[in-house]
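Worth knowing before you read on, the calculation uses all heavy atoms, side chains too, and leaves out hydrogens, waters and symmetry mates.
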Amino acid sequence: MMSGSVEFYFDFSSPYGYLGSEKIEALAAKHRRAVDWHPILLGVVFRETGAIPLTQVPIKGDYSRRDFARSARFHGVEGFRMPSRFPIATQAPARIVLWMKTHDPGRLPAVVHGLYRAFFTEDVDISRPDVAATVAARHGADETAVRAAIDDPAVKESLKGENERALRRGVFGSPFTIVDDEPFWGIDRFDQVDRWLATGGW
């Protein structure tokens with residue numbers, strides 16, 4: 001963990017995670033903090049908590065689809081649309097992010113945004129390894145290197161460890177933000193994150 005950073009946990013298949021990813025850097029920068037990006041797999045989390053994807057919950061599913069688009073408008077995130085295939089497995093983009101955290105951290109935020117926007121604004125299926133690598137390359141990543149990283153046993157193990165550590169820290173959704181060990185679930189808690197950063201808690 002970067003010292004003093006805002007820890008941002010997200011799954012690339014999470015609409016609210018996408019909206020949060022578009023806002024978290026400005027929020028952190030306002031308080032002179034960096035963002036520490038933590039890709040997780042909600043499937044792993046759901047197995048631990050007994051949850052299922054929100055869109056698959058009766059009644060809540062229809063509401064959530066309406067709320068995704070409304071929340072995007074509210075937060076000024078333009079171009080949002082639900083992908084034609086949803087939800088998707090997100091191991092490929094998550095592994096790219098973990099590899100880049102170690103090997104190319106300067107380009108990491110651009111790649112995170114590029115992958116998320118490809119899925120939620122362009123309807124690109126980033127679950128496919130070749131596609132995810134190509135999208136990442138459009139935003140500065142070494143395509144050959146990140147494509148190899150997706151199949152690298154060490155990177156796979158790294159993602160497994162990332163999920164295990166997230167669960168130990170109490171992460172159970174996306175987006176999930178931790179500030180100085182204080183947990184906040186959801187983009188609708190960003191105002192609380194803002195105040196916590198400003199005041200050091202209350």
Side-chain angles (χ1 to χ4, degrees), residues 1-2 4-31 33-77 80 82-83 86-91 93-94 97-98 101 109 112-113 115-116 119-120 159-202:
M1 183 181 69
M2 293 182 288
S5 61
V6 173
E7 299 174 79
F8 184 75
Y9 293 81
F10 64 98
D11 185 307
F12 276 108
S13 194
S14 166
Y16 292 126
Y18 167 56
L19 301 183
S21 75
E22 292 287 311
K23 308 294 288 186
I24 192 63
E25 286 177 292
L27 176 56
K30 176 181 176 182
H31 301 282
R33 301 283 190 114
V35 175
D36 190 3
W37 303 92
H38 290 275
I40 60 171
L41 303 178
L42 282 178
V44 174
V45 173
F46 290 166
R47 286 196 296 273
E48 184 72 18
T49 63
I52 62 173
L54 185 57
T55 53
Q56 296 175 14
V57 179
I59 302 178
K60 286 184 179 180
D62 291 338
Y63 171 85
S64 68
R65 290 177 181 273
R66 187 185 191 107
D67 190 61
F68 297 152
R70 181 177 61 206
S71 295
R73 294 193 300 270
F74 178 80
H75 289 287
V77 179
F80 173 87
M82 284 300 292
F86 179 88
I88 59 170
T90 55
Q91 286 90 340
V97 170
L98 287 179
K101 283 184 73 169
V112 171
H113 293 306
L115 287 163
Y116 247 144
F119 186 49
F120 282 111
L159 180 56
K160 180 181 177 181
E162 186 80 6
N163 284 294
E164 292 171 349
R165 286 188 295 274
L167 287 168
R168 286 198 299 270
R169 300 206 69 196
V171 174
F172 57 83
S174 170
F176 201 100
T177 306
I178 299 178
V179 179
D180 303 331
D181 290 325
E182 187 70 16
F184 299 88
W185 176 38
I187 191 173
D188 54 345
R189 291 295 183 268
F190 273 22
D191 285 345
Q192 292 190 23
V193 173
D194 189 14
R195 183 180 295 183
W196 194 274
L197 285 165
T199 64
W202 60 84

Does the side chain of [Y] come within less than 4.5 Å of [X]'s, by heavy atoms?
X      : Y      : value
Trp37  : Ser21  : yes
Pro183 : Arg169 : no
Thr90  : Pro39  : no
Asp36  : Lys101 : yes
Arg189 : Phe176 : no
Phe184 : Phe190 : no
Phe10  : Ile24  : no
Phe119 : Pro93  : no

[X] [atom1] to [Y] [atom2] distance, which is reported to the nearest 0.5 Å:
X      : Y      : atom1 : atom2 : answer
Thr199 : Asp194 : OG1   : CG    : 9.5 Å
Tyr18  : Ser174 : OH    : OG    : 13.5 Å
Asp191 : Leu27  : CG    : CG    : 9.0 Å
Leu19  : Arg73  : CG    : CZ    : 11.5 Å
Leu167 : Glu162 : CG    : CD    : 11.0 Å
Gln91  : Leu159 : CD    : CG    : 7.0 Å

### Message
Applying side chain to side chain contact (heavy atoms under 4.5 Å, CB included) to Thr177 and Glu182, what does each step give before you reach the verdict?
### Response
CA-CA 8 Å; Thr177 306; Glu182 187 70 16; over 6 Å; no
### Message
Under the criterion side chain to side chain contact (heavy atoms under 4.5 Å, CB included), I'd like the reasoning laid out for Ser14 against Leu42: C-alpha separation, chi angles, the key distance, then a yes or no.
### Response
CA-CA 8 Å; Ser14 166; Leu42 282 178; 4.3 Å; yes
#### Entry: Derivation and outcome, side chain to side chain contact (heavy atoms under 4.5 Å, CB included), residues Val6 and Leu197
CA-CA 9 Å; Val6 173; Leu197 285 165; 4.2 Å; yes
### Query
Is a side-chain donor-acceptor pair under 3.5 Å present for Asp188 with Tyr16?
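Not at all, the side chains of Tyr16 and Asp188 share no donor-acceptor pair under 3.5 Å.
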### Task
Determine, stepwise, if the pair His31 / Trp196 fulfils ring-ring contact (aromatic ring centres under 6.0 Å, His included).
CA-CA 10 Å; His31 301 282; Trp196 194 274; over 10 Å; no
### Side-chain ion pair, Arg33 and Asp180, N-O less than 4.0 Å
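Asp180 and Arg33: salt-bridged.
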### Task
Could you tell me whether the side chain of Ser5 and the main chain of Ala34 form a donor-acceptor pair under 3.5 Å?
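Not a single qualifying donor-acceptor pair exists.
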### Those residues that, when tested against Phe80, pass ring pair (Phe, Tyr, Trp, His ring centres under 6.0 Å) (two or more places apart)
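Per chain and number, Phe80 pairs via ring pair (Phe, Tyr, Trp, His ring centres under 6.0 Å) with Phe120.
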### Message
Would you say CZ of Phe46 has more than 12 non-hydrogen atoms from neighbouring residues, nucleotides or ligands within 6.0 angstrom?
### Response
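It does: Phe46 CZ has more than 12 such atoms within range.
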### Query
When you look at CZ of Arg70, are more than 12 heavy atoms from neighbouring residues, nucleotides or ligands closer to it than 6.0 Å?
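It does: Arg70 CZ has more than 12 such atoms within range.
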### Query
Parallel, tilted or perpendicular: which describes the rings of His38 and Tyr9, with under 30° parallel and over 60° perpendicular?
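Ring orientation of His38 relative to Tyr9: parallel.
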### Message
How close do Lys23 and Ile187 get, counting heavy atoms only, and between which atoms?
### Response
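Answer, listing the atom of Lys23 first, then Ile187: CG-CD1, 4.2 Å.
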### Message
For a quick test of reading the model, state the closest non-hydrogen atom pair linking Ile40 to Gly173 and the distance between them.
### Response
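Closest approach of Ile40 to Gly173: CD1-O, 3.9 Å.
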### Query
Where do Glu22 and His75 land on the side chain to side chain contact (heavy atoms under 4.5 Å, CB included) test, with the steps shown first?
CA-CA 9 Å; Glu22 292 287 311; His75 289 287; over 6 Å; no
